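Worksheet: one structure, shown below.
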Amino acid sequence: MISDARVLQPEFIPSEVKHRDAEVNTLSSVLRPLTDGNRADPAFLYGPSGTGKTCIAQFTVERLREQVVDLNYQYVNCWEDYSRFKTLYSILDGINDTIDIHRQSTPKDVLLDRLRDYTGPPYVVILDEVDQLQDKRLLYDLYRIQNLTMILIANKETEVFASVDDRLSSRLTTATRLHFNHYSNSELNSILTDRVRWGLDPGVISDGQLSQITSKAAGDARIAIGVLRNAAQRAHENNLDIISDDVIRNVVPETKSEIQQKTIDRLTTHQQALFDIITEHGTIEPQPLYDEYENRVTDPKTKRTLRNHLSKLEHYNLIEAEGNTKARVYRAQA
DNA sequence: CCTGACAGCCCGGGAGAAACCA
DNA sequence: TGGTTTCTCCCGGGCTGTCAGG
């Protein structure tokens, strides 16, 4: 059934990408100075999830690396490394300059100094989910590093620029912006067709079934590929020779909640409790929310901390917060 | 009432200095 | 003396109180 599981994984980067020629070309031309050993202006990739931002960034840099003799690059996910320290650490890690600072008690901002002292070949840093970075001033510091080229990735353009101070935003306005739209159904279809050809045995899934998957994916390649992967896995577990319509139908909602669950798993128990209460109620006012939280959790945190958690949940697009002032209502994401 | 910016507190943990011990 | 344990300091990060503002 499955001949190559790798190509069905979300982090797989194909050796050629489809339907993003324009984006790849634009990004390549932005990065062109690197071929002469110079730094390139920052690029800013934004658009909804599953539209290929991360993939195209990595693909383009990889391809450039094959052409350019000397080029360092590092992928940083700012969701995981959301603090200034972690992001810097991760960036330094990309040039193997962290051997002697595996520790915390290094003098303040020695990490940034390190980076300033970097004199190697051009260094490209991909900052994914950059809107999750808690201290955006870091971007300004990074911008001023010689020889460092930034590729920023986020869902919404405004999320990043809103919380950035003026010095940086005036500079970032010159950054090349690339907007990624949802894939059309036929684009998704051809992406899936490739994955099927590379990853599955011939004949296990029909064209009609692929269309069935893409129509459920709403332009999100991550969902489409995830459904394909789960369907193949499920069919394999059930000892089926081919993927049945039933399997696909069952696996669609599972895959969607699986993707959200990945986000939820990264939350602390307190954050999860808040999230659970809000989802169960649909909408809820602050006070009842606090009350219920206190009932549900041993060793509850203070209201102040809950507000921190809630704004984080909102930032992660797990909940919505309506009304800025006393009419505040928390609402589960549709 | 409720929020969000700001600042300060505390905790865990690493590092280097200091103290201790054979 | 050399090796080992303890002390002290510093950092990042989570949490909280305060406070102005809606």
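Bear in mind the structure is a predicted one, so any value in this text is a computation, not a measurement. Every chain is numbered from 1, with letters handed out A, B, ... down the list of sequences.
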| message | When you measure from the side-chain N and O atoms of A:Arg307 to the phosphate of B:dA5, is any distance below 4.0 Å, counting only OP1 and OP2? | response | no
| field | Test: A:Glu254 and A:Arg234 ion pair at under 4.0 Å | value | yes
| said: If you only use heavy atoms from C-beta on, which nucleotide in C:dT16, B:dT3, C:dG13 is closest to the side chain of A:Thr302? | reply: C:dT16
| field | Nearest-Å distance for atom pair CD/P, residues A:Glu314 and B:dT3 | value | 11 Å
| request: Measure from the side chain of A:Lys303, starting at C-beta and using heavy atoms only, and say which of C:dT16, C:dG13, B:dC2 lies closest. | output: B:dC2
| Among the nucleotides C:dG12, C:dC15, B:dC2, which one has an atom lying closest to any side-chain atom of A:Gln287? | B:dC2
| task | Rounded to the nearest angstrom, tell me the gap between atom CG in A:Leu88 and atom P in C:dG12. | result | 10 Å
| query | Thinking salt bridges, do A:Glu292 and A:Arg296 make one under a 4.0 Å N-O criterion? | reply | yes
| task | Would you kindly give the CG-to-P distance between A:Asp81 and C:dG12, to the nearest whole Å? | result | 15 Å
| query | Salt-bridged, A:Asp131 to A:Lys156, with N to O below 4.0 Å? | reply | no
| Gap between atoms CD and P, on A:Gln132 and C:dG13 respectively (whole Å) | 15 Å
| request: Would you mind reading off the distance between A:Ile319 atom CD1 and B:dT3 atom P, rounded to a whole angstrom? | output: 10 Å
| task | Whole angstrom is fine here: how far is it from CG in A:Leu313 over to C1' in B:dT3? | result | 16 Å
| Roughly how many Å is it from OH in A:Tyr330 to C1' in B:dC1, rounded to a whole number? | 12 Å
| request: Measure from the side chain of A:Arg304, starting at C-beta and using heavy atoms only, and say which of B:dA5, B:dC2, C:dG13 lies closest. | output: B:dA5
| message | Both A:Asn308 and A:Gly323 contact DNA chain B. Which one's nearest nucleotide lies toward the 5' end? | response | A:Gly323
| Whole angstrom value for the distance that separates P of C:dC11 from CG of A:Asp113 | 13 Å
| query | Contact class for A:His270 vs. all strands (heavy atom < 4.0 Å): base, sugar-phosphate, or nothing? | reply | nothing
| request: Identify which nucleotide among C:dG13, C:dC15, B:dG4 has an atom closest to any side-chain atom of A:Lys301, counting heavy atoms from C-beta outward. | output: C:dC15
| Looking at A:Tyr143, does the NZ or CZ of A:Arg39 lie under 6.0 angstrom from its six-membered ring centre and within 45 degrees of the ring axis? | yes
| task | Please determine if a side-chain N or O atom of A:Tyr82 lies less than 4.0 Å away from the OP1 or OP2 oxygen of C:dG14. | result | yes
| task | Determine the interplanar angle of the A:Tyr123 and A:Tyr118 rings, folded into 0 to 90°, and report it as parallel if under 30°, tilted if 30 to 60°, perpendicular if over 60°. | result | tilted
